[in-house]
Amino acid sequence: MKVFPKDFLTTQDFSESQLLEIIDLAIRMKRNKSRYSRALQGKKLAMIFEKSSTRTRVSFEVGMYELGGIALFLSSRDIQLGRGEPIADTARVLSRYVDGIMIRTFGHDRVEELARHATIPVINGLSDWLHPCQAMADFQTIVEKKGRIRGVRFCYVGDGNNMAHALGLLATRLGAHFSCATPEGYEMDERVIEMMKENAKISGSRLLLTHDPLEAVKNAEVIATDVWASMGQEEETEKRKKDFAAFQVNTTLTKYAESGYIFMHCLPAHRGEEVVSEVIDGPHSVVWDEAENRLHIQKAIMYTLMRT
Ligand code: CP
Ligand code: NVA
């Protein structure tokens, strides 16, 4: 068995079997919470937030508590990082106090730099480029709802953003088919597209990148979307509302999916923009399960990286 990498920055650093092992562990931890109540006893996680969060903050904090450890919430507004202390020095200092660092930030290079200079595991809690913990929670949810990943027809409609990237990379790594519809000018990053193609060659995933939401959604078993304006893009909100108008997940669009499709959204959602209430609050929606699974999958990730 290949050893696990030190950090969880992108699912690309992990093999298919390692990712499936983490998902399987998350499902077992969810079923038998008490069995793992001392699994990380005495361990400490520092959580650096340079952006807002509800789910990521609470699920990591509660997750550490449920494993017997503690989590420290470090807002960049309050720590010296926010006043210009280098990320490398922050990594070196925190490595002397705690056993792992979770970071939510802007540029993905900051996550990588932190990991390079930390002697302890670093977990990506969202960068502008990727949100791998969310993608893992989403694929745990797919296992629970669909009973399989390989061959599942996964469709993403909306902005070619950090969620699209994380979902596309994980889907193609694990052998799910991935279709993605974005407006022109909002396509997924070229580097990610190349990585997905490489993944698909090995896993057998089919890849469809289009500007036509109907084409992407046709026969989908999973429809996912995300906000049109991500954190840091607030000034573009009005322009994006116009550019994305034809990419709303509504009941006209979902008719093209398979009848038993599930709807996914990482949350927070904007009803009436990227998705309508009839869909996100309707019987096909699994968004609360996804949110819950952030807790279980992150416990599994922390256990895998931090237990020694
Ligand atoms: N989905 C997600 O990461 O939510 P938060 O921004 O609330 O952490
Ligand atoms: N794409 C969104 C995801 C939020 C969890 C953002 O980056 O704001």
Side-chain angles (χ1 to χ4, degrees), residues 8-11 26 45-64 71 73-77 101-111 123-142 156-170 180-183 186-189 192 222-237 239-241 243-244 247-249 263-271 273-275 280 285-299 301-302:
F8 189 80
L9 310 187
T10 162
T11 53
L45 177 78
M47 308 187 299
I48 301 173
F49 282 92
E50 298 193 304
K51 291 179 175 175
S52 308
S53 168
T54 299
R55 281 143 289 268
T56 304
R57 177 180 175 180
V58 177
S59 56
F60 268 105
E61 199 162 330
V62 170
M64 241 354 233
F73 172 68
L74 307 174
S75 158
S76 59
R77 276 191 296 276
I101 307 172
M102 192 285 312
I103 181 165
R104 164 167 288 198
T105 187
F106 292 86
H108 190 74
D109 53 335
R110 285 177 77 70
V111 182
I123 299 172
N124 179 1
L126 181 144
S127 67
D128 287 344
W129 199 47
L130 293 174
H131 196 2
C133 291
Q134 182 70 52
M136 287 291 281
D138 293 352
F139 275 81
Q140 178 190 338
T141 310
I142 290 172
Y156 176 92
V157 179
D159 189 17
N161 63 11
N162 47 8
M163 270 322 304
H165 295 161
L167 290 167
L169 289 175
L170 188 54
C180 175
T182 57
Y186 297 95
E187 293 85 1
M188 293 172 72
D189 178 53
V192 173
V222 181
I223 305 177
T225 190
D226 187 18
V227 290
W228 290 341
S230 285
M231 290 182 272
Q233 299 172 333
E234 288 76 8
E235 282 154 32
E236 298 172 33
T237 302
K239 175 173 167 35
R240 283 171 174 259
K241 274 188 197 167
D243 294 347
F244 283 83
F247 290 77
Q248 183 184 66
V249 179
F263 171 75
M264 305 190 99
H265 192 310
C266 66
L267 306 174
H270 296 105
R271 288 169 178 77
E273 293 181 26
E274 74 272 9
V275 62
I280 193 169
S285 176
V286 297
V287 298
W288 314 121
D289 299 292
E290 289 177 79
E292 178 186 338
N293 284 340
R294 290 292 302 279
L295 171 66
H296 307 298
I297 203 76
Q298 288 158 194
K299 283 169 74 176
I301 293 168
M302 290 192 287

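Note that this is a predicted model, so its numbers are computed, not measured. First listed ligand is number 1; within each ligand, the first listed atom is number 1.
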J.: Would you mind telling me which of R104, M136, H165 makes a side-chain contact (heavy atoms from CB on, under 4.5 Å) with H131?
T.: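 With H131 as partner, side-chain contact (heavy atoms from CB on, under 4.5 Å) holds for just one option, R104.
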
J.: Quick check on side-chain contact (heavy atoms from CB on, under 4.5 Å): which of E290, R55, Q134 does L267 satisfy it with?
T.: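 Of all the options given, the one that passes is R55.
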
J.: Tell me, do V227 and D159 make a side-chain contact under 4.5 Å, heavy atoms counted?
T.: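 In short, these two side chains do not touch, never coming nearer than 4.5 Å.
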
J.: Taking the side chain as C-beta and beyond, is there a heavy-atom pair between L167 and F139 under 4.5 Å?
T.: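 Result yes, sub-4.5 Å side-chain heavy-atom pair found.
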
J.: Counting non-hydrogen protein atoms only, what is the nearest one to atom 7 (O) of ligand 2? Give residue, atom name and distance.
T.: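 Checking every protein heavy atom, the shortest distance to atom 7 (O) of ligand 2 gives N162 ND2, 2.9 Å.
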
J.: Mark up the atoms of ligand 2 that fall under 4.0 Å of a heavy atom belonging to N161, in ascending order.
T.: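 Selected atoms, number and element: 1 (N).
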
J.: Find all atoms of ligand 1 within a distance of less than 4.0 Å from any non-hydrogen atom belonging to C266, and give their numbers and elements.
T.: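 By the 4.0 Å cutoff, the relevant atoms are 1 (N).
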
J.: Do me a favour and list the nearest non-hydrogen protein atom to atom 7 (O) of ligand 1 with residue, atom name and distance?
T.: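 Of the protein heavy atoms, T54 N, 2.7 Å lies nearest.
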
J.: Ligand 1 and L126, any nitrogen or oxygen pair closer than 3.5 angstrom?
T.: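 No; every N/O pair is 3.5 Å or more apart.
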
J.: To check your reading of the model: name the closest protein heavy atom to atom 3 (C) of ligand 2, its residue, and the distance in Å.
T.: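 For atom 3 (C) of ligand 2, the nearest protein heavy atom comes out as D226 OD2, 3.7 Å.
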
J.: Report the part of D128 in contact with ligand 2, treating N, CA, C, O as backbone and CB onward as side chain, heavy atoms under 4.0 Å; options are side chain, backbone, both, neither.
T.: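 Answer for D128: neither.
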
J.: Before signing off on this row, confirm whether Q134 and ligand 1 have an N or O atom pair separated by under 3.5 Å.
T.: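 Yes - when backbone and side-chain N and O of Q134 are compared with those of ligand 1, one distance drops under 3.5 Å.
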
J.: Ignoring hydrogens and geometry, is there a side-chain-to-backbone donor-acceptor pair from T225 to V157 under 3.5 Å?
T.: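 The answer is yes, because a donor-acceptor pair under 3.5 Å joins these two groups.
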
J.: Going by the order shown, which atoms of ligand 2 are within less than 4.0 Å of some heavy atom of L267?
T.: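 Selected atoms, number and element: 5 (C).
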
J.: Would you call the rings of W228 and F244 parallel, tilted or perpendicular, where under 30° means parallel and over 60° means perpendicular?
T.: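 Aromatic pair W228/F244 classed parallel.
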
J.: Mark yes or no for whether E234, through its side chain, and G232, through its backbone, hold a donor-acceptor pair below 3.5 Å.
T.: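 The answer is yes, because a donor-acceptor pair under 3.5 Å joins these two groups.
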
J.: Less than 4.5 Å apart, side chain to side chain, heavy atoms only: is that true for T10 and N124?
T.: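 No, too far: nothing below the 4.5 Å cut-off.
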
J.: In terms of atom number and element, which parts of ligand 2 are under 4.0 angstrom from non-hydrogen atoms of L126?
T.: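 Result: 3 (C), 4 (C), 5 (C), 7 (O).
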
J.: Are any side-chain N or O atoms of N161 and backbone N or O atoms of A164, one a donor and one an acceptor, separated by less than 3.5 Å?
T.: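 Yes; at least one donor-acceptor contact below 3.5 Å.
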
J.: Is any NZ, NE, NH1 or NH2 atom of the basic residue among D128 and R110 found under 4.0 Å from an Asp or Glu carboxylate oxygen of the other?
T.: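 Looking at D128 and R110, the cut-off is not met.
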
J.: Any N or O of S230 that comes nearer than 3.5 Å to an N or O of ligand 2?
T.: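 Between S230 and ligand 2 (N or O atoms, distance only) the closest approach is under 3.5 Å.
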
J.: With backbone taken as N, CA, C and O and side chain as the heavy atoms from C-beta onward, which portion of L267 lies under 4.0 Å from ligand 1: side chain, backbone, both, or neither?
T.: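 The answer is the backbone.
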
J.: Do any heavy atoms of R294 fall under 4.0 Å from ligand 1?
T.: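 The answer is yes: ligand 1 sits under 4.0 Å from a heavy atom of R294.
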
J.: For atom 8 (O) of ligand 2, what's the nearest protein heavy atom and its distance?
T.: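 Nearest protein contact, heavy atoms only, for atom 8 (O) of ligand 2 is M231 N, 2.8 Å.
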
J.: Which of these, R55, H131, M163, R104, has its nearest heavy atom closest to atom 6 (O) of ligand 1?
T.: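 Ranked by closest heavy atom to atom 6 (O) of ligand 1, first place is R104.
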
